[in-house]
There are 2 protein chains.
Amino acid sequence: MARVSQAHLDARRRQILDAAALCFARNGFHATSMQDVLKEADLSAGAVYRYFSGKEELIAAIVSEVLGEVRAAFDEAARQSPPPPPDLLVASVLGRTLATRESLTVDGVPAFPRLVVQAWSEIPRNAQLAAVLREGYDSVRAAWGRIVEGYQKSGRMRADIAPDHVARTMIAAVTGFIAQQALFGPAPVDILRDGLRALMSVPAEPPAGSQLG
Amino acid sequence: MARVSQAHLDARRRQILDAAALCFARNGFHATSMQDVLKEADLSAGAVYRYFSGKEELIAAIVSEVLGEVRAAFDEAARQSPPPPPDLLVASVLGRTLATRESLTVDGVPAFPRLVVQAWSEIPRNAQLAAVLREGYDSVRAAWGRIVEGYQKSGRMRADIAPDHVARTMIAAVTGFIAQQALFGPAPVDILRDGLRALMSVPAEPPAGSQLG
DNA sequence: CAACTTAAAACGAACGTTCCTTCTTGACAA
DNA sequence: TTGTCAAGAAGGAACGTTCGTTTTAAGTTG
């Protein structure tokens with residue numbers, strides 16, 4: 001096989017990445033051997049090492065892809081106009097996240113949430129990945145903070161709390177729910193949306209310093 | 001050294017566990033070699049293998065400890081009487097979680113949140129740990145569900161949403177914030193408490209089927 | 001035929017673990 | 001109180017295995 005088409009090269013690369021993602025979702029990055037990946041991809045070592053310089057590059061490629069998908073989901077949700085209320089915003093980013101690579105399953109459950117958790121676990125080890133994640137996180141935080149500011153300026157949300165704190169809280173809700181999916185299997189997005197909606201109906205303590213009756 | 005006191009044996013065991021926890025928080029379970037642990041514990045292989053049958057047992061011991069601490073934090077928060085409102089409930093469990101093993105730091109930041117994420121990443125690989133986690137999660141979910149029911153019955157929260165959904169949402173918020181700490185370093189608990197408090201001030205969509213003005 | 005992909009065997013390094021030795025300790029006899 | 005001894009904890013080199021990777025040869029296509 002010589003001078004194959006670019007499409008073929010791309011397909012091979014994707015085939016390897018998909019096989020690796022499956023193995024990684026099953027066993028984690030470092031408990032997965034290259035030979036596991038080779039077997040899953042039904043390819044030989046020579047073939048795989050033509051596309052990736054080694055295991056670390058394979059891990060980095062998948063982590064980047066996963067983090068990129070998550071960030072894209074957050075960004076897309078933030079671009080909705082007009083900005084939906086918090087419960088819908090959170091639900092839409094979660095739905096979009098869980099829709100990525102839906103066909104890639106391990107034991108019948110989606111592999112993607114597990115890959116997200118695996119990616120998190122890899123961050124402390126890799127400064128470059130950490131920088132990418134940090135950049136994406138900061139950007140999402142800022143975008144969501146602006147949306148929260150909108151809530152507050154339009155009077156839909158009390159204004160005595162830093163928008164950034166609310167943004168971080170909403171992000172925590174989404175990522176926490178992704179973790180739940182990774183650990184306990186899939187669940188409808190409605191759970192988080194409704195749960196948030198219920199919380200939104202609870203009367204909170206008044207702002208500190210406010211006049212008491 | 002022969003027939004040393006039980007206290008000494010316990011101290012050695014803890015010394016090994018602490019060293020391993022530090023290494024694991026730094027590099028993850030499987031990228032940490034036994035020799036890394038030996039060096040960190042300042043002990044020889046013979047010593048460590050007298051207390052643990054192997055690396056897997058070391059990992060299992062630490063994961064169990066970490067999950068146990070997290071579960072204890074959730075349980076303690078749920079035992080508060082009378083049950084605090086959601087923002088305070090969430091803040092108290094988070095505070096309690098982050099207070100565990102506070103002195104165990106890597107690069108100056110607490111190791112515990114990282115260990116939590118590492119534990120999550122290990123779950124798909126180990127059915128026994130998964131069962132332990134599942135049991136703890138279900139129990140916390142049920143306990144928090146009962147609290148939410150209390151909110152609803154006392155009229156502090158709209159009652160048209162399943163208590164379990166709210167419980168899962170609050171758990172997601174806490175775990176998501178733990179993940180943030182693991183990835184981006186420590187942050188005050190107040191962020192999550194205030195963020196939740198702000199969300200609680202947002203008027204939500206009325207229940208489906210409710211009469212429209 | 002030329003160019004290049006794939007297969008497969010094999011390599012060195014690093015891993016987890018074991019094994020044997022050395023050293024320490026507490027118990028006990030004198 | 002002191003000296004001796006057995007028990008067993010710790011040390012550390014060495015083992016076999018497995019890993020990621022490289023190399024070499026065969027195969028395939030334009």
Side-chain angles (χ1 to χ4, degrees), chain A residues 1-63 118 121-122 125-126 128-129, chain B residues 1-63 118 121-122 125-126 128-129:
Chain A
M1 212 182 296
R3 190 146 305 196
V4 296
S5 67
Q6 183 64 36
H8 177 252
L9 294 176
D10 292 348
R12 269 274 184 279
R13 196 184 148 88
R14 179 111 306 273
Q15 170 186 359
I16 294 168
L17 282 175
D18 284 349
L22 208 65
C23 293
F24 291 158
R26 251 201 299 263
N27 264 328
F29 293 129
H30 301 288
T32 297
S33 72
M34 272 297 171
Q35 312 198 7
D36 290 337
V37 175
L38 303 184
K39 188 178 295 182
E40 184 65 48
D42 205 26
L43 245 38
S44 72
V48 169
Y49 276 86
R50 186 158 301 281
Y51 292 86
F52 295 93
S53 73
K55 191 183 185 181
E56 285 298 324
E57 187 172 314
L58 209 45
I59 293 176
I62 289 200
V63 171
Q118 288 294 326
S121 77
E122 190 65 12
R125 271 178 35 77
N126 190 324
Q128 190 176 342
L129 290 177
Chain B
M1 206 183 298
R3 189 147 305 190
V4 295
S5 68
Q6 184 63 38
H8 176 254
L9 294 177
D10 292 348
R12 268 275 183 280
R13 196 186 147 87
R14 178 113 307 277
Q15 171 185 357
I16 295 168
L17 282 174
D18 284 350
L22 207 66
C23 293
F24 291 158
R26 252 201 299 263
N27 264 326
F29 294 128
H30 302 288
T32 297
S33 74
M34 272 295 173
Q35 312 200 5
D36 290 338
V37 175
L38 303 184
K39 187 178 297 182
E40 184 65 47
D42 205 25
L43 247 35
S44 69
V48 168
Y49 275 86
R50 186 161 302 282
Y51 291 86
F52 295 93
S53 73
K55 191 182 186 183
E56 285 297 324
E57 187 172 315
L58 209 47
I59 294 175
I62 290 201
V63 171
Q118 288 294 327
S121 77
E122 191 66 11
R125 268 178 38 78
N126 190 324
Q128 189 176 341
L129 290 176

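All values below come from the heavy atoms of this structure, side chains included, with hydrogens, waters and symmetry mates left out. Numbered from 1 within each chain, the chains take letters A, B, ... in sequence-line order.
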Engineer: In whole angstrom, give the distance that lies between atom CZ of B:Phe52 and atom P of D:dA10.
Structural biologist: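 It is 12 Å, rounded to the nearest whole Å.
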Engineer: Whole-Å distance between C:dG16 P and B:Tyr49 OH?
Structural biologist: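 Atom OH in B:Tyr49 sits about 7 Å away from atom P in C:dG16.
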Engineer: Check the distance between D:dC19's P and A:Lys39's NZ and give it to me in whole angstrom.
Structural biologist: 10 Å
Engineer: Just how far, in rounded Å, is P of D:dG27 from CG of A:Leu43?
Structural biologist: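 About 18 Å, once rounded to whole Å.
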Engineer: Report the distance from atom CG of B:Leu38 to atom P of D:dG11, rounded to the nearest whole Å.
Structural biologist: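 Rounded to the whole Å, the gap is 10 Å.
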Engineer: For the atom pair OG (B:Ser121) and CZ (A:Phe29), what is the distance rounded to the nearest 0.5 Å?
Structural biologist: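 It comes to 9.5 Å.
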Engineer: Does C:dT5 have OP1 or OP2 under 4.0 Å away from a side-chain N or O of A:Arg12?
Structural biologist: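 A:Arg12 to C:dT5 OP1/OP2: no side-chain N or O under 4.0 Å.
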Engineer: Round to a whole Å and report the spacing from CZ of B:Arg50 to P of C:dC20.
Structural biologist: 14 Å
Engineer: Please tell me if the side chains of A:Gln118 and A:Ile62 come closer than 4.5 Å, counting only heavy atoms from C-beta onward.
Structural biologist: no
Engineer: Closest approach to the side chain of A:Ala45, judged atom by atom: which nucleotide of D:dT22, C:dT5, C:dT17 is it?
Structural biologist: D:dT22
Engineer: Answer yes or no: is there a side-chain heavy-atom contact under 4.5 Å between B:Leu17 and B:Arg14?
Structural biologist: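 Result yes, sub-4.5 Å side-chain heavy-atom pair found.
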Engineer: Could you pick out which residue, A:Gln35 or A:Asp42, lies toward the 5' side of DNA chain C when each is mapped onto its nearest nucleotide?
Structural biologist: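 Closer to the 5' end of DNA chain C: A:Asp42.
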Engineer: It should be established whether B:Ser44 places a side-chain nitrogen or oxygen under 4.0 Å from OP1 or OP2 of nucleotide D:dA10.
Structural biologist: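 So the side chain of B:Ser44 is outside the cut-off, no N or O lying under 4.0 Å from OP1 or OP2 of D:dA10.
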Engineer: Among C:dT6, D:dG11, D:dT22, which is the nearest nucleotide to the side chain of B:Ala47?
Structural biologist: D:dG11
Engineer: Measure the spacing between CD of A:Gln35 and SG of A:Cys23 and express it to the nearest 0.5 Å.
Structural biologist: 12.0 Å
Engineer: Starting at the 5' end of DNA chain C and moving along, which residue's nearest nucleotide shows up first, B:Thr32 or B:Gly46?
Structural biologist: B:Thr32
Engineer: Let's go through A:Ile59 and A:His30 carefully: what are the C-alpha distance in whole Å and the side-chain angles of both, what is the deciding distance for side-chain contact (heavy atoms from CB on, under 4.5 Å) to 0.1 Å, and is it a yes or a no?
Structural biologist: CA-CA 9 Å; A:Ile59 293 176; A:His30 301 288; 4.0 Å; yes
Engineer: Could you state the NE2-P distance from A:His30 to D:dG20, rounded to the nearest angstrom?
Structural biologist: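 That distance rounds to 11 Å.
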Engineer: To the nearest Å, give me how far apart CG (B:Leu9) and C1' (D:dA7) are.
Structural biologist: 13 Å
Engineer: Could you tell me whether the phosphate oxygens of D:dG8, OP1 or OP2, come under 4.0 Å of any side-chain nitrogen or oxygen in B:Tyr51?
Structural biologist: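 Answer is no, no contact under 4.0 Å.
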